[in-house]
Amino acid sequence: MSDSQFIETGVNQNVRITPSNIKVHQLYQTLRSFPNGNRNCYSLGSVVNKGNKYLIRAYFLYGDYDGKNNSPKFDLYIGVKFWATFSSYKATREIYTEIITIASMNFISVCLVNTGEGTPFISGLELRPLNSSIYGVVNESYSLFLWDRFDSGRSIYKDDIIRYPEDPFDLIWETREEASWISFGTSQNVTYKDKAIEPPPRAMMTAVRPLNNSDALFYSWANYSSWQFHIYLHFAELELLGPNMTRVHYPVVKPNKAGDLFSSEKRQFTYAEVITMTNNFRRAIGKGGFGTVYYGQMPDGTQVAVKMLSLLSVKLLARKCQGSDEFQNEVQLLTRVHHRNLVPFIGYCQEGDGTALIYEYMAQGNLGSHLLGTNGCTKALNWGQRLRIALDIAQGLEYLHTGCKPSIIHRDMKTTNILLNERFEAKIGDFGLSKVFFNDDEQTHISTLVKGTPGYLDPEYFHSNNLTQKSDVYGFGVVLLEMITGQPPIIRSSTNYEKRNLVDWARPIIATRDIQAVLDPRLEGDYDANSLSKVAEIALACTSPRSIERPTMTAIVAELKDCLGTETAVEISCSPEIGQVGTMSSYSSVLFPR
Ligand SMILES: *[C@@H]1O[C@H](CO)[C@@H](O)[C@H](O)[C@H]1NC(C)=O
Ligand SMILES: *[C@@H]1O[C@H](CO)[C@@H](O)[C@H](O)[C@H]1NC(C)=O
Ligand SMILES: *[C@@H]1O[C@H](CO)[C@@H](O)[C@H](O)[C@H]1NC(C)=O
Ligand SMILES: *[C@@H]1O[C@H](CO)[C@@H](O)[C@H](O)[C@H]1NC(C)=O
Ligand SMILES: *[C@@H]1O[C@H](CO)[C@@H](O)[C@H](O)[C@H]1NC(C)=O
Ligand SMILES: *[C@@H]1O[C@H](CO)[C@@H](O)[C@H](O)[C@H]1NC(C)=O
Ligand SMILES: *[C@@H]1O[C@H](CO)[C@@H](O)[C@H](O)[C@H]1NC(C)=O
């Protein structure tokens with residue numbers, strides 16, 4: 001119904017843009033905005049009785065109704081009690097938030113509070129009377145804010161969510177899948193102990209079991225500061241048990257130990273968690289082909305890099321993957337790839353168009369900025385460190401090529417995709433990602449795209465479109481040349497505006513044994529001549545125009561281990577200037593046509 005009988009302030013508006021591919025519910029198409037006054041309240045009087053329990057749900061879709069293309073941020077209150085902060089980085093995101101509360105008077109006020117970050121608005125407001133027997137923990141001074149509610153196993157049906165009228169209280173039962181869960185269901189009706197507090201029958205007719213029979217079922221969430229969490233689990237037996245069998249379940253709530261994080265339990269994050277961990281996207285630390293990377297922190301203090309996929313990436317994904325299942329499968333695959341020379345992948349978020357990939361934060365930024373001296377460090381990497389980094393990268397690539405089943409081709413080896421931790425150990429970023437975006441079966445589609453970064457592109461692959469592990473070997477060779485020369489992959493001449501390929505420039509000079517003529521002056525002549533000439537030789541072999549002449553990563557690892565025996569690294573202490581947009585291009589990747 002119209003909200004006009006519940007509020008006198010505010011202005012009715014129509015949204016200008018809606019999510020293009022989704023049929024938007026009518027309630028999202030109009031909204032009420034509040035340009036005047038700091039606090040505007042709905043008074044739900046005629047329909048509320050003191051002491052009764054209610055579910056209140058507020059809906060939002062900004063939809064650029066004001067033409068400012070700037071989604072606001074504001075607070076929601078129930079009377080004088082804080083409920084939630086609304087914020088959305090995207091104009092076409094549909095958002096709802098839910099709270100269960102007891103009316104302390106014969107009316108409930110739902111207030112929108114202007115916090116100086118844009119004009120508050122609301123698309124819809126729902127009030128549902130609840131049976132006092134459910135969510136018994138709620139009392140006059142204690143409300144329940146919804147964190148998550150899902151019907152496990154529901155993914156076996158490709159149909160919609162369950163809500164009213166199937167759920168008499170209009171609790172919304174969403175679908176949820178986890179990689180370690182197997183969904184199953186029954187067509188038999190389930191019988192109830194207590195109809196009043198159990199979910200609707202269809203929700204109880206599906207369930208999940210662990211993929212690995214000897215594992216427990218895990219579900220995890222972040223422990224936010226001062227919040228108390230109440231967990232409601234519903235069980236129904238869906239299988240015929242033998243005459244002398246019983247099933248016993250022991251729900252266990254176990255906090256993750258710090259450091260035992262999230263790294264062992266990779267998972268899907270909600271958009272709300274992403275907002276919290278990035279402090280509402282406060283600090284951009286890099287920008288690349290896939291989108292912008294933000295600094296973040298997990299509740300346990302773990303520092304993370306949150307890569308928000310750009311709209312272009314998300315659109316490409318939508319075109320590539322019919323629905324989000326395929327994306328999730330690919331991303332779940334990535335969570336199983338572990339090596340000490342790969343940037344640890346922590347998890348991902350996919351809610352509407354808000355798609356994020358979450359990695360461990362690498363304190364020293366990317367190798368490219370260290371080599372070019374653009375990261376604020378005055379001290380250059382010494383030869384010993386460069387050698388160690390070269391071996392780290394080679395080991396990471398070797399693992400992708402031979403240790404992973406199926407084998408992974410990185411496709412975008414470059415110095416900005418190589419990240420350094422606080423101990424200057426190198427880890428490869430963005431592995432496996434291009435697989436998500438490009439499907440080799442679609443030759444016609446793919447041939448229109450530039451797949452890779454200029455200066456690193458394997459010439460044979462460019463001509464034949466036949467992607468092999470040797471394309472990564474070529475990219476690795478270019479990285480070695482950068483470490484030797486301190487030059488970028490495309491060199492701009494300072495006198496004329498000519499551009500030269502590092503490979504075209506350095507290869508002939510090195511091939512005639514005059515390494516000195518191309519050597520990085522920042523090394524200040526401090527290197528071991530034997531290991532330098534060996535690395536130069538490897539670089540030449542890797543950048544051979546014909547892939548058959550390039551060595552495998554396994555052979556390269558063996559050679560580099562040999563070189564390292566003769567070098568000792570000297571630690572340097574330097575922190576790159578982080579926190580400035582653009583100073584670091586870490587986690588970047590260019591895989592799009594330009
Ligand atoms: C309300 O519930 C909370 C949480 O269970 C409890 O700590 C508090 O004492 C309760 N207050 C009243 C007035 O019952
Ligand atoms: C389950 O219950 C519904 C509604 O009570 C009934 O229509 C249906 O026939 C039942 N199905 C089975 C398999 O018992
Ligand atoms: C509310 O709970 C009472 C007591 O458990 C029950 O008799 C009644 O049917 C419930 N109402 C609904 C709508 O489920
Ligand atoms: C299943 O879990 C057990 C215990 O954690 C483990 O030893 C086993 O390797 C797992 N099996 C698979 C196929 O992952
Ligand atoms: C339970 O059933 C199994 C398999 O039929 C049987 O071997 C076992 O003896 C039974 N145990 C009891 C306590 O009846
Ligand atoms: C959640 O965080 C709070 C505040 O940091 C802490 O006191 C509490 O022990 C944590 N709970 C768990 C289960 O880790
Ligand atoms: C692609 O390269 C692989 C490995 O070098 C080779 O076996 C295969 O024949 C090539 N395919 C095409 C279509 O050129």
Side-chain angles (χ1 to χ4, degrees), residues 39 41-58 75-86 95-113 125-152 163-164 167-174 176 192-200 203-204 217-236 249-258 269-270 272-273 275-277 298-300:
R39 186 182 172 90
C41 300
Y42 283 90
S43 176
L44 309 174
S46 53
V47 288
V48 166
N49 290 310
K50 181 179 173 185
N52 282 2
K53 196 179 286 179
Y54 295 92
L55 180 151
I56 304 170
R57 194 183 284 133
D75 288 343
L76 290 170
Y77 280 75
I78 305 286
V80 293
K81 286 190 282 187
F82 175 76
W83 171 6
T85 295
F86 170 86
I95 292 175
Y96 69 76
T97 182
E98 196 178 297
I99 195 165
I100 294 170
T101 194
I102 286 188
S104 52
M105 286 177 271
N106 273 323
F107 66 92
I108 291 177
S109 306
V110 176
C111 305
L112 293 90
V113 175
L125 185 63
E126 224 168 55
L127 181 82
R128 299 276 181 182
L130 289 189
N131 203 319
S132 58
S133 55
I134 72 168
Y135 298 115
V137 70
V138 175
N139 61 34
E140 280 195 19
S141 53
Y142 196 84
S143 301
L144 272 188
F145 174 80
L146 175 72
W147 182 260
D148 202 357
R149 182 190 301 113
F150 60 89
D151 169 16
S152 54
R163 60 181 300 180
Y164 187 85
D167 188 302
F169 308 117
D170 196 26
L171 306 181
I172 297 178
W173 300 89
E174 307 234 24
R176 173 183 280 271
Y192 283 91
K193 283 204 202 98
D194 188 346
K195 270 202 161 88
I197 61 167
E198 290 295 344
M204 297 301 281
L217 274 173
F218 291 105
Y219 171 70
S220 58
W221 67 95
N223 175 22
Y224 278 90
S225 54
S226 59
W227 291 22
Q228 282 183 35
F229 286 86
H230 294 267
I231 307 154
Y232 296 83
L233 301 166
H234 302 272
F235 296 93
H249 44 75
Y250 301 99
V252 176
V253 179
K254 209 171 101 189
N256 282 337
K257 289 192 292 293
F269 293 83
T270 65
E273 286 171 295
I275 288 178
T276 308
M277 73 175 75
M298 303 287 254
D300 69 357

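Atoms within each ligand, like the ligands themselves, are counted from 1 in listed order.
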Residue and atom name of the nearest protein heavy atom (relative to atom 5 (O) of ligand 1), distance in Å to one decimal: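 For this ligand atom, the closest protein heavy atom is Val137 CG2, 3.8 Å.
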Numbered atoms of ligand 1 (with element) below 4.0 Å of Ser141, judged on heavy atoms: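 Listed by number with element: 11 (N), 13 (C).
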Atoms of ligand 1 close to Asn139 [distance to a heavy atom under 4.0 angstrom, numbered from 1]: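 Numbered from 1, ligand 1 contributes 1 (C), 2 (O), 3 (C), 8 (C), 10 (C), 11 (N), 12 (C), 14 (O).
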Hey, is NZ on Lys50 packed in by over 12 heavy atoms from elsewhere, all under 6.0 Å?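 No.
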Out of Leu55, Ile100, Asn131, which one pairs with Phe169 under the side-chain contact (heavy atoms from CB on, under 4.5 Å) rule?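 When side-chain contact (heavy atoms from CB on, under 4.5 Å) is applied between Phe169 and each of Leu55, Ile100, Asn131, only Asn131 qualifies.
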Among all the protein's heavy atoms, is there at least one whose distance to atom 11 (N) of ligand 1 comes out below 4.0 Å?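 Answer yes: something from the protein, a heavy atom, is under 4.0 Å.
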Any protein heavy atom sitting closer than 4.0 Å to atom 2 (O) of ligand 1?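 Answer yes: something from the protein, a heavy atom, is under 4.0 Å.
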What verdict does the salt bridge (Lys or Arg N to Asp or Glu O under 4.0 Å) test give for Arg163 and Glu126, after you've listed the backbone C-alpha separation in whole Å, the side-chain angles of each residue and the deciding distance to 0.1 Å? CA-CA 13 Å; Arg163 60 181 300 180; Glu126 224 168 55; 3.4 Å; yes
Report yes if some heavy atom in the side chain of Leu112 is under 4.5 Å from a heavy atom in the side chain of Leu76; otherwise report no.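 When only atoms from C-beta onward are counted, Leu76 and Leu112 do touch, with a gap below 4.5 Å.
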Using modelled atom types only, decide if a donor and an acceptor are shared between the side chain of Lys53 and the backbone of Tyr135 within a distance under 3.5 Å.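 Side chain of Lys53 to backbone of Tyr135: a pair is present.
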When only distance counts, is Tyr142 in polar contact with ligand 1, meaning an N/O pair under 3.5 Å?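 So ligand 1 has no N or O lying under 3.5 Å from an N or O of Tyr142.
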